[in-house]
Number of protein chains: 2
Amino acid sequence: MELDEGKQKFIQSWGTLGSHWGINRTMAQIHALLLIANRPYSANDIKEELNISMGNTNMNIRALIDWGLVYKELKPGERKDFFVAEKDMWEVVKRIITQRKKKELEPMLRVLEDVSKVQGEDADTEEFKKVVQDIKLFSSKADSALDNLIKADSNWFIGTFMSMIK
Amino acid sequence: MELDEGKQKFIQSWGTLGSHWGINRTMAQIHALLLIANRPYSANDIKEELNISMGNTNMNIRALIDWGLVYKELKPGERKDFFVAEKDMWEVVKRIITQRKKKELEPMLRVLEDVSKVQGEDADTEEFKKVVQDIKLFSSKADSALDNLIKADSNWFIGTFMSMIK
DNA sequence: TTGAGTTTTCAAAATTTATTGAAAAATAAT
DNA sequence: ATTATTTTTCAATAAATTTTGAAAACTCAA
């Protein structure tokens, strides 16, 4: 396989994978491109390489920076901004967990808290409260577990999980 | 808060959450409805309750059954099929992990395996191979860890993770 | 075997989400 | 202050995904 074909395949697959992880396809493709880049890329480099508009490039670079998956790098004497990817996979996963926890798990916990206040003593209400309580308990456990995971350092995590792999 | 309002809120939120987890909104809403139901529901009950078409109802029920999140229940003397939700949250999470592993992680591993075969000795190729190798290693570790997680039983998991929460 | 009830299929329509492109704003060298 | 370059914004457009609805297939009792 040629390098260009390999790069192309990797970028496409990373894009598809990302789109299932709350990262849209272009956003993930930019991340993929920067992952396999051996130098910082300007927004224009990225635009050219992926054949996308400047607006799209700009919005997704900023989203990536916001998620902590890409860093801005200033080259002395250069007017343009340059960008590099976070390449430590555990760091990448941690950043994604952090974002999704904030955007999904935490709002869900608030809703569960809220709806657990329903009035009534009938069987339907009791069943509803029971289910909500169960999910609330599970979710807050997951929330704490994820917090700990994120706080823990890379090696500790790998170590703990490796011991699980037998 | 009234029970109906609470149910409605819960169904909507579960729908939104699901849509970030590879489960489309309707599919997650059906699951939510069945979670808080205190009896089996027919496809028609679901259609009526959520105000969706029969086609949509049918497709999403089958997807839920395929994912192992809903079970078909036959009532003696009844012609219709009835459905109940898997209510054990850890079981739900395991099923989702299983599906997503199959649909996302495993294809990615195959692509990584494939593209790691690129030809060439130059710096670009070396950088590419290095990144791919790193991701491949991380991904296969994650894959094994998830396998173990799925195999392990509910209490073992909760126990292990609780000890992490301090 | 017929036919009422039920489930499945799938092309077309509706909805949601992502992308473009052009204009405006910011930046920094002259 | 002027101008060339780069970045940002956002309404319009395009693409992708979901939902519908109507027809076909299936199921089972009579």
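Owing to the predicted nature of the structure, the values given are computational and were not obtained by experimental measurement. Proteins come first, then strands; the chains are lettered A, B, ... in the order of their sequence lines, and each starts at number 1.
In terms of position on DNA chain D, the residue among A:Asn56 and A:Lys80 whose nearest nucleotide sits closer to the 5' end is A:Lys80.
For A:Leu50 and C:dA18, the CG to C1' distance is 15 Å, given to the nearest whole Å. The CG-P distance, from B:Asn44 to C:dA4, rounds to 18 Å in whole Å. In this structure, B:Asn58 places its CG atom 19 Å from P of C:dG5, rounding to the nearest Å. Here C:dA11 presents its C1' atom at 11 Å from CE of B:Met59, a figure rounded to the nearest Å. When the P atom of C:dT7 is taken as reference, atom CD1 of B:Ile46 falls 10 Å away, rounded to whole Å. The CD atom of A:Gln29 sits 12 Å away from the C1' atom of C:dT19 (whole-angstrom rounding).
For the atom pair CG of A:Asp88 and CZ of A:Arg95, the computed distance is 9.0 Å after rounding to the nearest 0.5 Å. We find the CD-CG distance between B:Glu49 and B:Asn44 to be 11.5 Å, quoted to the nearest 0.5 Å.
Ion pairing between a basic and an acidic side chain is recognised when a charged N comes within 4.0 Å of a carboxylate O; A:Lys94 and A:Glu91 show such pairing. For the pair A:Asp114 and B:Lys9, the salt-bridge criterion is met [side-chain N within less than 4.0 Å of a carboxylate O].
By the side chain to side chain contact (heavy atoms under 4.5 Å, CB included) test, B:Gln8 pairs with B:Gln12, sequence neighbours left out. In this view, B:Glu86 and B:Tyr71 satisfy the side-chain hydrogen bond (donor to acceptor under 3.5 Å, both in side chains) rule, not counting sequence neighbours.
Non-hydrogen atoms lying under 4.0 Å from DNA chain D are contributed by nothing in residues 10-28 of chain A.
Distances were taken from every side-chain heavy atom of B:Arg79 (C-beta onward) to each of C:dG5, C:dC10, C:dA28; the shortest belongs to C:dG5.
Using a 4.5 Å heavy-atom threshold, the side chains of A:Ile30 and A:Phe83 count as separate.
Within the structure, the salt bridge (Lys or Arg N to Asp or Glu O under 4.0 Å) test picks out the following pairs touching residues 60-78 of chain B (sequence neighbours left out): B:Lys72-B:Asp81. Sorted by first and then second residue, the salt bridge (Lys or Arg N to Asp or Glu O under 4.0 Å) pairs involving residues 14-41 of chain B (not counting sequence neighbours) are B:Arg39-B:Asp45.
Extent of DNA chain D lying under 4.0 Å from chain A heavy atoms, first and last nucleotide in 5' to 3' order, is D:dA4 to D:dT9.
Backbone-only contact: B:Asp81 has heavy atoms under 4.0 Å from sugar-phosphate atoms and none from a base.
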